[in-house]
There are 2 protein chains.
Amino acid sequence: MGAEDAVDAHVRRLWRHRGAEPAGPRRGPRPRLTVDEVLDAAVEVADAQGLGGLSTRAVATRLGLSAMALYPYVGTKEHLLALAEDHASPLPPWPDRASSLADDLTTWGEHLLDLYARHPWLAELPWADAAGGPNQQDWLERLLEILERWDARPESRAAVVTALYAVVRAAAQTSASYARAGASGDDRAWLARADATRRVVGDLAERYPLAAALPQHAAQDWRDAPRASVRHVAEVLGRGLEATGVRSPG
Amino acid sequence: MGAEDAVDAHVRRLWRHRGAEPAGPRRGPRPRLTVDEVLDAAVEVADAQGLGGLSTRAVATRLGLSAMALYPYVGTKEHLLALAEDHASPLPPWPDRASSLADDLTTWGEHLLDLYARHPWLAELPWADAAGGPNQQDWLERLLEILERWDARPESRAAVVTALYAVVRAAAQTSASYARAGASGDDRAWLARADATRRVVGDLAERYPLAAALPQHAAQDWRDAPRASVRHVAEVLGRGLEATGVRSPG
DNA sequence: TCTCATCGTTATACACTGTATAGTGTTGTT
DNA sequence: AACAACACTATACAGTGTATAACGATGAGA
(Lines give C-alpha, C1' and ligand atoms only; values in the text may rest on other atoms or scores of the structure.)
Protein backbone atom coordinates (compact mmCIF):
# COMPACT_ATOMS: atom_id res chain seq x y z
CA MET A 1 0.00 0.00 0.00
CA GLY A 2 3.01 2.25 0.39
CA ALA A 3 3.53 2.44 -3.34
CA GLU A 4 -0.15 3.01 -3.96
CA ASP A 5 -0.15 5.88 -1.49
CA ALA A 6 2.82 7.36 -3.28
CA VAL A 7 0.99 7.31 -6.60
CA ASP A 8 -2.05 8.85 -4.97
CA ALA A 9 -0.07 11.62 -3.35
CA HIS A 10 1.66 12.36 -6.63
CA VAL A 11 -1.55 12.66 -8.60
CA ARG A 12 -3.04 14.83 -5.88
CA ARG A 13 -0.02 17.14 -6.12
CA LEU A 14 -0.37 17.23 -9.91
CA TRP A 15 -3.97 18.38 -9.69
CA ARG A 16 -3.48 20.54 -6.61
CA HIS A 17 -4.72 23.68 -8.41
CA ARG A 18 -7.70 21.91 -9.91
CA GLY A 19 -9.60 20.98 -6.81
CA ALA A 20 -7.65 17.99 -5.53
CA GLU A 21 -7.82 17.98 -1.76
CA PRO A 22 -4.54 17.76 0.14
CA ALA A 23 -5.92 14.76 2.04
CA GLY A 24 -5.86 13.97 5.71
CA PRO A 25 -5.18 16.00 8.86
CA ARG A 26 -1.71 17.24 9.45
CA ARG A 27 0.18 17.03 12.66
CA GLY A 28 3.90 17.74 12.28
CA PRO A 29 5.67 21.08 11.90
CA ARG A 30 4.36 23.50 9.29
CA PRO A 31 5.92 23.13 5.83
CA ARG A 32 8.15 26.12 5.27
CA LEU A 33 7.69 25.93 1.51
CA THR A 34 4.98 25.36 -1.05
CA VAL A 35 4.99 22.74 -3.75
CA ASP A 36 4.93 25.61 -6.23
CA GLU A 37 8.02 27.17 -4.70
CA VAL A 38 9.88 23.91 -5.09
CA LEU A 39 8.70 23.58 -8.67
CA ASP A 40 9.63 27.18 -9.44
CA ALA A 41 13.14 26.41 -8.27
CA ALA A 42 13.24 23.20 -10.29
CA VAL A 43 12.13 25.01 -13.44
CA GLU A 44 14.73 27.72 -12.88
CA VAL A 45 17.45 25.12 -12.54
CA ALA A 46 16.30 23.28 -15.65
CA ASP A 47 16.09 26.52 -17.65
CA ALA A 48 19.59 27.48 -16.61
CA GLN A 49 21.44 24.18 -16.54
CA GLY A 50 19.33 21.98 -18.75
CA LEU A 51 17.88 18.61 -17.89
CA GLY A 52 21.29 17.24 -17.03
CA GLY A 53 21.82 19.87 -14.38
CA LEU A 54 18.47 19.26 -12.75
CA SER A 55 19.54 17.23 -9.73
CA THR A 56 17.77 16.99 -6.42
CA ARG A 57 20.73 18.59 -4.69
CA ALA A 58 20.76 21.52 -7.11
CA VAL A 59 17.09 22.28 -6.50
CA ALA A 60 17.51 21.84 -2.77
CA THR A 61 20.50 24.13 -2.36
CA ARG A 62 18.73 26.79 -4.41
CA LEU A 63 16.01 26.63 -1.76
CA GLY A 64 18.50 26.52 1.09
CA LEU A 65 17.52 22.99 1.97
CA SER A 66 19.03 19.56 2.08
CA ALA A 67 18.37 17.19 -0.81
CA MET A 68 16.21 14.89 1.26
CA ALA A 69 13.96 17.76 2.28
CA LEU A 70 12.33 17.75 -1.15
CA TYR A 71 10.73 14.35 -0.69
CA PRO A 72 7.79 15.51 1.42
CA TYR A 73 7.01 18.12 -1.22
CA VAL A 74 7.44 16.37 -4.55
CA GLY A 75 8.38 12.78 -3.83
CA THR A 76 10.78 10.88 -6.05
CA LYS A 77 12.79 12.58 -8.74
CA GLU A 78 10.62 10.93 -11.37
CA HIS A 79 7.66 12.62 -9.72
CA LEU A 80 9.55 15.88 -9.44
CA LEU A 81 10.17 15.76 -13.18
CA ALA A 82 6.53 15.11 -13.98
CA LEU A 83 5.43 17.92 -11.67
CA ALA A 84 7.97 20.36 -13.07
CA GLU A 85 6.98 19.47 -16.62
CA ASP A 86 3.36 20.25 -15.95
CA HIS A 87 4.24 23.28 -13.86
CA ALA A 88 6.14 24.82 -16.77
CA SER A 89 3.40 24.10 -19.31
CA PRO A 90 0.45 26.43 -18.77
CA LEU A 91 -1.81 26.77 -21.79
CA PRO A 92 -2.00 30.38 -23.00
CA PRO A 93 -5.30 31.68 -24.36
CA TRP A 94 -5.61 32.61 -28.01
CA PRO A 95 -8.45 32.99 -30.49
CA ASP A 96 -8.69 30.57 -33.37
CA ARG A 97 -8.56 32.32 -36.70
CA ALA A 98 -10.90 29.70 -38.11
CA SER A 99 -9.79 30.46 -41.63
CA SER A 100 -8.73 26.88 -42.26
CA LEU A 101 -7.95 23.74 -40.34
CA ALA A 102 -4.31 24.00 -41.32
CA ASP A 103 -4.14 27.56 -39.97
CA ASP A 104 -5.59 26.59 -36.62
CA LEU A 105 -3.29 23.60 -36.33
CA THR A 106 -0.35 25.83 -37.18
CA THR A 107 -1.29 28.35 -34.51
CA TRP A 108 -1.54 25.61 -31.91
CA GLY A 109 1.85 24.30 -32.93
CA GLU A 110 3.44 27.73 -32.84
CA HIS A 111 2.18 28.36 -29.33
CA LEU A 112 3.59 25.03 -28.20
CA LEU A 113 6.82 25.93 -29.96
CA ASP A 114 6.96 29.15 -27.98
CA LEU A 115 6.59 27.18 -24.78
CA TYR A 116 9.43 24.86 -25.77
CA ALA A 117 11.56 27.87 -26.68
CA ARG A 118 11.14 29.21 -23.16
CA HIS A 119 11.82 25.81 -21.57
CA PRO A 120 13.94 23.77 -24.00
CA TRP A 121 14.25 20.86 -21.58
CA LEU A 122 10.55 20.15 -22.03
CA ALA A 123 11.25 18.81 -25.51
CA GLU A 124 13.91 16.47 -24.14
CA LEU A 125 11.55 14.73 -21.76
CA PRO A 126 10.25 11.33 -22.81
CA TRP A 127 7.06 11.65 -24.72
CA ALA A 128 5.43 8.67 -23.04
CA ASP A 129 4.20 10.34 -19.86
CA ALA A 130 3.27 13.60 -21.55
CA ALA A 131 -0.43 13.19 -20.85
CA GLY A 132 -0.12 13.28 -17.09
CA GLY A 133 -0.85 16.69 -15.64
CA PRO A 134 -3.70 19.13 -15.99
CA ASN A 135 -1.79 21.65 -18.06
CA GLN A 136 -0.73 19.03 -20.55
CA GLN A 137 -4.28 17.79 -20.62
CA ASP A 138 -5.32 21.35 -21.43
CA TRP A 139 -2.97 21.42 -24.41
CA LEU A 140 -4.35 18.13 -25.67
CA GLU A 141 -7.95 19.19 -25.25
CA ARG A 142 -7.24 22.47 -26.99
CA LEU A 143 -5.94 20.63 -30.01
CA LEU A 144 -8.86 18.25 -29.98
CA GLU A 145 -11.22 21.23 -29.91
CA ILE A 146 -9.71 22.41 -33.15
CA LEU A 147 -10.13 19.01 -34.72
CA GLU A 148 -13.67 18.81 -33.38
CA ARG A 149 -14.63 22.20 -34.75
CA TRP A 150 -13.45 21.15 -38.19
CA ASP A 151 -15.13 17.80 -37.85
CA ALA A 152 -12.09 15.62 -38.30
CA ARG A 153 -12.90 11.93 -38.32
CA PRO A 154 -12.51 10.47 -34.84
CA GLU A 155 -10.29 7.58 -35.91
CA SER A 156 -7.72 9.96 -37.34
CA ARG A 157 -7.53 12.35 -34.40
CA ALA A 158 -5.13 10.42 -32.21
CA ALA A 159 -2.76 10.04 -35.13
CA VAL A 160 -2.85 13.74 -35.94
CA VAL A 161 -2.25 14.58 -32.31
CA THR A 162 0.88 12.47 -32.04
CA ALA A 163 2.15 13.65 -35.40
CA LEU A 164 1.74 17.32 -34.63
CA TYR A 165 3.08 16.99 -31.11
CA ALA A 166 6.10 15.08 -32.34
CA VAL A 167 6.92 17.54 -35.07
CA VAL A 168 6.80 20.46 -32.67
CA ARG A 169 9.06 18.63 -30.26
CA ALA A 170 11.50 17.70 -33.00
CA ALA A 171 11.54 21.26 -34.28
CA ALA A 172 12.12 22.58 -30.78
CA GLN A 173 15.00 20.19 -30.26
CA THR A 174 16.81 21.15 -33.42
CA SER A 175 16.13 24.79 -32.69
CA ALA A 176 17.60 24.44 -29.21
CA SER A 177 20.55 22.61 -30.67
CA TYR A 178 21.23 25.46 -33.05
CA ALA A 179 20.87 27.99 -30.26
CA ARG A 180 23.38 26.13 -28.10
CA ALA A 181 25.82 25.78 -30.98
CA GLY A 182 25.69 29.50 -31.57
CA ALA A 183 25.94 30.53 -27.96
CA SER A 184 27.89 28.49 -25.48
CA GLY A 185 30.16 26.99 -28.11
CA ASP A 186 30.83 23.84 -26.14
CA ASP A 187 27.86 22.11 -27.70
CA ARG A 188 28.64 22.43 -31.36
CA ALA A 189 29.36 18.72 -31.39
CA TRP A 190 26.51 18.31 -33.84
CA LEU A 191 28.07 20.52 -36.47
CA ALA A 192 31.50 19.04 -35.91
CA ARG A 193 30.09 15.57 -36.46
CA ALA A 194 28.38 16.55 -39.68
CA ASP A 195 31.59 18.13 -40.94
CA ALA A 196 33.61 15.06 -40.00
CA THR A 197 31.12 12.82 -41.78
CA ARG A 198 31.43 14.77 -45.00
CA ARG A 199 35.20 14.66 -44.62
CA VAL A 200 35.43 10.92 -43.87
CA VAL A 201 33.05 9.40 -46.38
CA GLY A 202 33.57 12.01 -49.05
CA ASP A 203 31.01 10.93 -51.61
CA LEU A 204 28.20 11.16 -49.09
CA ALA A 205 26.13 13.39 -51.32
CA GLU A 206 26.29 10.80 -54.10
CA ARG A 207 25.41 7.92 -51.82
CA TYR A 208 22.41 9.73 -50.42
CA PRO A 209 21.32 12.08 -53.18
CA LEU A 210 17.80 12.59 -51.90
CA ALA A 211 18.91 13.40 -48.37
CA ALA A 212 21.50 15.76 -49.78
CA ALA A 213 18.84 17.43 -51.93
CA LEU A 214 16.64 18.19 -48.94
CA PRO A 215 16.28 21.95 -48.72
CA GLN A 216 18.85 22.96 -46.16
CA HIS A 217 18.02 25.87 -43.97
CA ALA A 218 20.80 28.38 -44.26
CA ALA A 219 22.62 29.32 -41.10
CA GLN A 220 20.83 32.65 -40.98
CA ASP A 221 17.21 31.65 -41.05
CA TRP A 222 17.44 28.79 -38.58
CA ARG A 223 15.25 30.84 -36.33
CA ASP A 224 12.41 30.65 -38.83
CA ALA A 225 13.04 27.03 -39.81
CA PRO A 226 11.16 25.35 -36.95
CA ARG A 227 8.12 27.51 -37.49
CA ALA A 228 8.16 26.73 -41.18
CA SER A 229 8.50 23.03 -40.43
CA VAL A 230 5.51 23.08 -38.12
CA ARG A 231 3.52 25.04 -40.67
CA HIS A 232 4.33 22.56 -43.39
CA VAL A 233 3.23 19.57 -41.35
CA ALA A 234 0.08 21.34 -40.26
CA GLU A 235 -0.61 22.10 -43.90
CA VAL A 236 -0.19 18.52 -45.02
CA LEU A 237 -2.14 17.14 -42.09
CA GLY A 238 -4.91 19.65 -42.64
CA ARG A 239 -5.25 18.81 -46.31
CA GLY A 240 -5.07 15.13 -45.54
CA LEU A 241 -7.89 15.41 -43.04
CA GLU A 242 -9.96 17.44 -45.44
CA ALA A 243 -9.45 14.77 -48.06
CA THR A 244 -10.59 12.05 -45.70
CA GLY A 245 -13.57 13.97 -44.41
CA VAL A 246 -13.94 17.45 -42.95
CA ARG A 247 -16.73 19.92 -43.22
CA SER A 248 -16.89 23.70 -43.03
CA PRO A 249 -15.84 25.63 -39.91
CA GLY A 250 -18.40 25.50 -37.11
CA MET B 1 42.83 19.10 -31.39
CA GLY B 2 42.19 16.23 -29.04
CA ALA B 3 38.47 16.74 -29.25
CA GLU B 4 38.63 17.03 -33.03
CA ASP B 5 40.48 13.75 -33.24
CA ALA B 6 37.85 12.14 -31.05
CA VAL B 7 35.07 13.27 -33.39
CA ASP B 8 37.04 12.03 -36.37
CA ALA B 9 37.66 8.62 -34.82
CA HIS B 10 34.00 8.31 -33.91
CA VAL B 11 32.76 9.06 -37.39
CA ARG B 12 35.31 6.67 -38.84
CA ARG B 13 34.01 3.96 -36.53
CA LEU B 14 30.44 4.75 -37.54
CA TRP B 15 31.22 4.27 -41.21
CA ARG B 16 33.70 1.44 -40.72
CA HIS B 17 31.68 -0.93 -42.91
CA ARG B 18 31.20 1.64 -45.64
CA GLY B 19 34.76 2.22 -46.67
CA ALA B 20 36.09 4.44 -43.91
CA GLU B 21 39.75 3.65 -43.40
CA PRO B 22 40.91 2.87 -39.86
CA ALA B 23 43.58 5.55 -40.18
CA GLY B 24 47.23 5.52 -39.31
CA PRO B 25 49.76 2.78 -38.55
CA ARG B 26 49.34 0.82 -35.37
CA ARG B 27 52.05 -0.02 -32.95
CA GLY B 28 50.71 -1.28 -29.62
CA PRO B 29 49.36 -4.71 -28.75
CA ARG B 30 46.75 -6.27 -31.02
CA PRO B 31 43.15 -5.48 -30.10
CA ARG B 32 41.59 -8.64 -28.72
CA LEU B 33 38.11 -7.57 -29.80
CA THR B 34 36.35 -5.96 -32.73
CA VAL B 35 34.22 -2.86 -32.60
CA ASP B 36 31.34 -5.07 -33.74
CA GLU B 37 31.86 -7.48 -30.86
CA VAL B 38 31.66 -4.62 -28.40
CA LEU B 39 28.54 -3.29 -30.09
CA ASP B 40 26.97 -6.75 -30.15
CA ALA B 41 27.47 -6.93 -26.41
CA ALA B 42 26.06 -3.44 -25.92
CA VAL B 43 22.97 -4.27 -27.97
CA GLU B 44 22.45 -7.48 -26.00
CA VAL B 45 22.65 -5.59 -22.73
CA ALA B 46 20.24 -2.94 -23.95
CA ASP B 47 17.80 -5.55 -25.26
CA ALA B 48 17.86 -7.37 -21.94
CA GLN B 49 18.12 -4.58 -19.39
CA GLY B 50 16.83 -1.57 -21.29
CA LEU B 51 18.59 1.73 -21.76
CA GLY B 52 18.91 2.20 -18.03
CA GLY B 53 20.87 -1.01 -17.67
CA LEU B 54 23.28 -0.12 -20.44
CA SER B 55 26.29 0.96 -18.42
CA THR B 56 29.89 0.82 -19.49
CA ARG B 57 30.62 -1.65 -16.72
CA ALA B 58 27.79 -3.93 -17.78
CA VAL B 59 29.03 -4.10 -21.36
CA ALA B 60 32.60 -4.57 -20.21
CA THR B 61 31.93 -7.43 -17.80
CA ARG B 62 29.88 -9.18 -20.48
CA LEU B 63 33.03 -9.11 -22.58
CA GLY B 64 35.25 -10.10 -19.67
CA LEU B 65 36.94 -6.72 -19.64
CA SER B 66 37.29 -3.75 -17.38
CA ALA B 67 35.11 -0.71 -17.98
CA MET B 68 37.96 1.44 -19.18
CA ALA B 69 38.93 -1.10 -21.80
CA LEU B 70 36.00 -0.04 -23.96
CA TYR B 71 37.37 3.41 -24.63
CA PRO B 72 39.84 2.42 -27.35
CA TYR B 73 37.02 0.61 -29.14
CA VAL B 74 34.04 2.93 -28.92
CA GLY B 75 35.15 6.03 -27.08
CA THR B 76 32.83 7.90 -24.75
CA LYS B 77 29.51 6.47 -23.66
CA GLU B 78 27.77 9.03 -25.84
CA HIS B 79 29.70 7.61 -28.77
CA LEU B 80 28.96 4.07 -27.65
CA LEU B 81 25.27 4.89 -27.68
CA ALA B 82 25.42 6.38 -31.16
CA LEU B 83 27.37 3.38 -32.45
CA ALA B 84 25.03 0.87 -30.82
CA GLU B 85 22.01 2.70 -32.19
CA ASP B 86 23.30 2.48 -35.71
CA HIS B 87 24.57 -1.04 -35.20
CA ALA B 88 21.08 -2.24 -34.24
CA SER B 89 19.37 -0.48 -37.15
CA PRO B 90 20.10 -2.28 -40.41
CA LEU B 91 17.64 -1.50 -43.17
CA PRO B 92 15.86 -4.65 -44.40
CA PRO B 93 15.03 -4.95 -48.09
CA TRP B 94 11.42 -4.97 -49.23
CA PRO B 95 9.59 -4.25 -52.47
CA ASP B 96 7.31 -1.25 -52.66
CA ARG B 97 3.76 -2.18 -53.50
CA ALA B 98 3.41 1.07 -55.38
CA SER B 99 -0.37 0.92 -55.10
CA SER B 100 -0.53 4.29 -53.38
CA LEU B 101 1.71 6.72 -51.57
CA ALA B 102 -0.07 5.99 -48.31
CA ASP B 103 0.55 2.26 -48.73
CA ASP B 104 4.25 2.70 -49.32
CA LEU B 105 4.58 5.07 -46.39
CA THR B 106 2.72 2.57 -44.23
CA THR B 107 5.03 -0.26 -45.25
CA TRP B 108 8.07 1.82 -44.41
CA GLY B 109 6.59 2.67 -41.02
CA GLU B 110 5.71 -0.94 -40.28
CA HIS B 111 9.24 -2.07 -41.02
CA LEU B 112 10.62 0.58 -38.72
CA LEU B 113 8.08 -0.49 -36.14
CA ASP B 114 9.36 -4.04 -36.40
CA LEU B 115 12.87 -2.82 -35.74
CA TYR B 116 11.73 -0.91 -32.66
CA ALA B 117 9.86 -3.98 -31.46
CA ARG B 118 13.08 -5.96 -31.56
CA HIS B 119 15.06 -3.19 -29.85
CA PRO B 120 12.65 -1.10 -27.79
CA TRP B 121 15.42 1.07 -26.40
CA LEU B 122 15.92 2.56 -29.86
CA ALA B 123 12.68 4.48 -29.47
CA GLU B 124 13.83 5.92 -26.15
CA LEU B 125 16.93 7.49 -27.60
CA PRO B 126 16.81 11.23 -28.23
CA TRP B 127 15.61 11.97 -31.70
CA ALA B 128 18.11 14.75 -32.28
CA ASP B 129 21.12 12.66 -33.29
CA ALA B 130 19.11 10.10 -35.24
CA ALA B 131 20.69 11.05 -38.54
CA GLY B 132 24.22 10.04 -37.64
CA GLY B 133 25.15 6.61 -38.87
CA PRO B 134 24.99 4.89 -42.25
CA ASN B 135 22.13 2.57 -41.33
CA GLN B 136 19.99 5.43 -40.16
CA GLN B 137 20.92 7.30 -43.28
CA ASP B 138 19.73 4.28 -45.24
CA TRP B 139 16.34 4.42 -43.53
CA LEU B 140 16.02 8.10 -44.31
CA GLU B 141 17.01 7.70 -47.93
CA ARG B 142 14.60 4.79 -48.30
CA LEU B 143 11.75 6.98 -47.15
CA LEU B 144 12.85 9.80 -49.41
CA GLU B 145 12.89 7.39 -52.33
CA ILE B 146 9.22 6.69 -51.72
CA LEU B 147 8.44 10.38 -51.61
CA GLU B 148 10.52 10.93 -54.73
CA ARG B 149 8.80 8.18 -56.66
CA TRP B 150 5.43 9.73 -55.87
CA ASP B 151 6.73 13.18 -56.65
CA ALA B 152 6.04 14.79 -53.32
CA ARG B 153 6.85 18.47 -53.24
CA PRO B 154 10.39 19.02 -51.93
CA GLU B 155 9.40 21.61 -49.33
CA SER B 156 7.05 19.15 -47.66
CA ARG B 157 9.39 16.20 -47.54
CA ALA B 158 11.33 17.07 -44.42
CA ALA B 159 8.10 17.66 -42.56
CA VAL B 160 6.65 14.33 -43.63
CA VAL B 161 9.85 12.59 -42.63
CA THR B 162 9.84 13.95 -39.10
CA ALA B 163 6.11 13.35 -38.73
CA LEU B 164 6.26 9.73 -39.83
CA TYR B 165 9.41 9.01 -37.85
CA ALA B 166 7.92 10.55 -34.75
CA VAL B 167 4.68 8.64 -34.99
CA VAL B 168 6.49 5.35 -35.38
CA ARG B 169 8.62 6.13 -32.36
CA ALA B 170 5.65 7.18 -30.27
CA ALA B 171 3.75 4.05 -31.28
CA ALA B 172 6.75 1.90 -30.42
CA GLN B 173 7.06 3.54 -27.03
CA THR B 174 3.46 2.99 -26.04
CA SER B 175 3.64 -0.54 -27.40
CA ALA B 176 6.71 -1.26 -25.31
CA SER B 177 5.02 0.31 -22.30
CA TYR B 178 2.05 -2.01 -22.71
CA ALA B 179 4.33 -4.99 -23.13
CA ARG B 180 6.20 -4.16 -19.93
CA ALA B 181 2.98 -3.61 -18.00
CA GLY B 182 1.72 -7.02 -19.07
CA ALA B 183 4.93 -8.84 -18.36
CA SER B 184 7.24 -7.78 -15.58
CA GLY B 185 4.49 -6.17 -13.56
CA ASP B 186 6.82 -3.71 -11.88
CA ASP B 187 6.29 -1.20 -14.64
CA ARG B 188 2.55 -0.82 -14.56
CA ALA B 189 3.10 2.59 -13.00
CA TRP B 190 1.46 4.10 -16.04
CA LEU B 191 -1.81 2.31 -15.50
CA ALA B 192 -1.74 2.98 -11.78
CA ARG B 193 -1.30 6.68 -12.46
CA ALA B 194 -4.21 6.78 -14.86
CA ASP B 195 -6.40 4.99 -12.35
CA ALA B 196 -5.37 7.35 -9.57
CA THR B 197 -6.10 10.35 -11.78
CA ARG B 198 -9.63 9.16 -12.46
CA ARG B 199 -10.06 8.52 -8.75
CA VAL B 200 -8.68 11.87 -7.59
CA VAL B 201 -10.28 14.34 -9.97
CA GLY B 202 -13.44 12.35 -10.50
CA ASP B 203 -15.14 14.42 -13.18
CA LEU B 204 -12.16 14.13 -15.49
CA ALA B 205 -14.28 12.86 -18.36
CA GLU B 206 -16.48 15.96 -18.11
CA ARG B 207 -13.56 18.35 -17.91
CA TYR B 208 -11.92 16.84 -20.97
CA PRO B 209 -14.76 15.42 -23.00
CA LEU B 210 -12.86 15.27 -26.28
CA ALA B 211 -9.87 13.48 -24.79
CA ALA B 212 -12.24 11.08 -23.08
CA ALA B 213 -14.03 10.46 -26.36
CA LEU B 214 -10.85 9.46 -28.14
CA PRO B 215 -11.27 5.89 -29.32
CA GLN B 216 -9.54 3.84 -26.68
CA HIS B 217 -7.82 0.72 -27.81
CA ALA B 218 -9.19 -2.12 -25.76
CA ALA B 219 -6.75 -4.07 -23.67
CA GLN B 220 -6.88 -6.97 -26.10
CA ASP B 221 -5.93 -5.37 -29.37
CA TRP B 222 -3.07 -3.24 -28.09
CA ARG B 223 -0.82 -5.34 -30.26
CA ASP B 224 -2.54 -4.05 -33.37
CA ALA B 225 -2.94 -0.49 -32.12
CA PRO B 226 0.53 0.82 -33.04
CA ARG B 227 0.29 -0.56 -36.55
CA ALA B 228 -3.13 1.01 -36.95
CA SER B 229 -1.81 4.31 -35.66
CA VAL B 230 1.05 4.30 -38.14
CA ARG B 231 -1.33 3.37 -40.92
CA HIS B 232 -3.65 6.22 -40.04
CA VAL B 233 -0.91 8.82 -40.06
CA ALA B 234 0.48 7.48 -43.30
CA GLU B 235 -2.99 7.70 -44.76
CA VAL B 236 -3.49 11.29 -43.72
CA LEU B 237 -0.01 12.33 -44.79
CA GLY B 238 -0.42 10.57 -48.10
CA ARG B 239 -3.70 12.27 -48.85
CA GLY B 240 -2.31 15.58 -47.72
CA LEU B 241 0.63 15.27 -50.06
CA GLU B 242 -1.60 14.27 -52.92
CA ALA B 243 -3.74 17.30 -52.25
CA THR B 244 -0.73 19.60 -52.30
CA GLY B 245 0.81 18.07 -55.38
CA VAL B 246 1.67 14.48 -56.32
CA ARG B 247 1.54 12.73 -59.62
CA SER B 248 1.03 9.12 -60.64
CA PRO B 249 3.37 6.33 -59.50
CA GLY B 250 6.67 6.23 -61.39
C1' DT C 1 68.92 -6.40 -32.62
C1' DC C 2 68.15 -2.79 -29.59
C1' DT C 3 65.17 1.15 -28.46
C1' DC C 4 61.37 3.53 -27.83
C1' DA C 5 56.96 5.48 -28.85
C1' DT C 6 52.40 3.49 -29.15
C1' DC C 7 48.52 1.41 -27.64
C1' DG C 8 45.42 -2.25 -25.05
C1' DT C 9 44.26 -3.15 -20.39
C1' DT C 10 43.87 -2.86 -15.42
C1' DA C 11 43.41 -0.67 -10.94
C1' DT C 12 42.40 3.09 -8.48
C1' DA C 13 40.17 7.31 -7.60
C1' DC C 14 37.00 11.23 -8.04
C1' DA C 15 32.87 13.76 -8.50
C1' DC C 16 28.30 13.02 -8.88
C1' DT C 17 23.75 10.87 -8.95
C1' DG C 18 19.18 9.21 -6.34
C1' DT C 19 17.64 7.69 -2.13
C1' DA C 20 17.46 4.50 2.23
C1' DT C 21 18.01 5.12 7.03
C1' DA C 22 18.27 7.03 11.60
C1' DG C 23 17.80 10.81 14.43
C1' DT C 24 16.09 15.61 15.97
C1' DG C 25 12.80 18.84 16.92
C1' DT C 26 8.26 20.91 16.12
C1' DT C 27 3.46 20.50 15.81
C1' DG C 28 -1.43 19.03 16.53
C1' DT C 29 -4.47 15.68 18.58
C1' DT C 30 -6.07 12.86 22.34
C1' DA D 1 0.71 15.77 29.64
C1' DA D 2 1.67 12.22 26.30
C1' DC D 3 2.02 10.62 21.90
C1' DA D 4 1.80 10.19 16.92
C1' DA D 5 2.86 12.58 12.78
C1' DC D 6 5.70 15.21 10.06
C1' DA D 7 9.64 18.52 8.24
C1' DC D 8 14.28 18.42 8.09
C1' DT D 9 19.39 17.11 8.59
C1' DA D 10 23.32 14.14 8.40
C1' DT D 11 25.24 10.17 7.00
C1' DA D 12 25.77 6.34 4.09
C1' DC D 13 25.47 3.31 0.09
C1' DA D 14 25.37 1.60 -4.48
C1' DG D 15 25.62 3.19 -8.70
C1' DT D 16 27.19 6.17 -12.76
C1' DG D 17 30.99 8.07 -16.34
C1' DT D 18 35.63 8.84 -16.76
C1' DA D 19 40.44 10.94 -15.51
C1' DT D 20 44.84 9.21 -14.30
C1' DA D 21 48.82 6.33 -13.65
C1' DA D 22 50.95 2.13 -14.25
C1' DC D 23 52.00 -2.26 -16.74
C1' DG D 24 52.94 -5.05 -20.99
C1' DA D 25 52.82 -6.20 -25.46
C1' DT D 26 53.72 -4.75 -29.97
C1' DG D 27 55.82 -2.80 -34.23
C1' DA D 28 58.80 0.71 -36.49
C1' DG D 29 63.37 3.10 -36.90
C1' DA D 30 68.19 2.97 -35.66
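Reminder, nothing fancy here: chain letters follow the sequence lines and each chain counts from 1.
In this structure, A/Leu63 places its CG atom 11 Å from P of D/dT9, rounding to the nearest Å. We find that CG of A/Leu81 is positioned 14 Å from P of C/dT17, with the value rounded to whole Å. B/Leu70 places its CG atom 10 Å from the P atom of D/dG17, with the value rounded to the nearest Å. Nucleotide C/dC16 holds its P atom 16 Å from the CG atom of A/Leu54, rounded to whole Å. What separates CG of B/Leu51 from P of D/dT16 is a distance of 14 Å, to the nearest Å. In this structure, the CZ atom of A/Arg32 is 10 Å from the C1' atom of D/dT9, given to the nearest Å. Protein atom CG of A/Leu65 is 14 Å distant from nucleotide atom C1' of D/dA10, rounded to whole Å. The separation between A/Leu33 atom CG and D/dA7 atom C1' is 11 Å, rounded to whole Å.
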Counting primed atoms, P, OP1 and OP2 as sugar-phosphate and everything else as base, the B/S/- map of nucleotides 20-30 of chain C against protein heavy atoms under 4.0 Å is BB---BBBBS-

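The side chain of A/Ser66 places no N or O atom within less than 4.0 Å of a non-bridging phosphate oxygen (OP1 or OP2) of D/dA10.
For B/Arg30 (side chain) and B/Leu33 (main-chain N/O), no donor-acceptor pair under 3.5 Å exists by modelled atom type. At distances below 3.5 Å, not a single donor-acceptor pair connects side-chain atoms of A/Arg169 with backbone N or O atoms of A/Ala166. Under a 3.5 Å cut-off, the side chain of B/Thr197 and the backbone N or O of B/Arg193 do form a donor-acceptor pair. Checked by atom type and distance alone, the side chain of B/Arg62 never pairs as donor or acceptor with a backbone atom of B/Leu65 at under 3.5 Å. Under a 3.5 Å cut-off, the side chain of B/Thr61 and the backbone N or O of B/Arg57 do form a donor-acceptor pair. Using a distance-only test at 3.5 Å, with no hydrogens or angles considered, a donor-acceptor pair links the side chain of A/Arg13 to the main chain of A/Tyr73.
Counting non-hydrogen atoms under 4.0 angstrom, A/Pro72 reaches the backbone sugars and phosphates but no base. A/Thr56 comes within 4.0 angstrom of a base, heavy atoms only.
No donor-acceptor contact under 3.5 Å links the side chain of B/Arg57 to the base of D/dG15.
Aromatic ring centroids of B/Tyr165 and B/Trp108 lie under 6.0 Å apart.
Where A/Tyr73 and B/Ala67 each meet DNA chain D at their nearest nucleotide, the meeting point lying more 5' is that of A/Tyr73.
In this model, a donor atom of one side chain and an acceptor atom of the other lie less than 3.5 Å apart for A/Gln136 and A/Glu85. A/Asp40 and A/His87 form a side-chain donor-acceptor contact under 3.5 Å, judged by distance and modelled atom types alone.
Looking at DNA chain C, the stems built from 3 or more consecutive Watson-Crick or G-U wobble pairs, each pair with its key distances under 3.5 Å, are C:3-6 with D:25-28, C:8-26 with D:5-23, C:28-30 with D:1-3.
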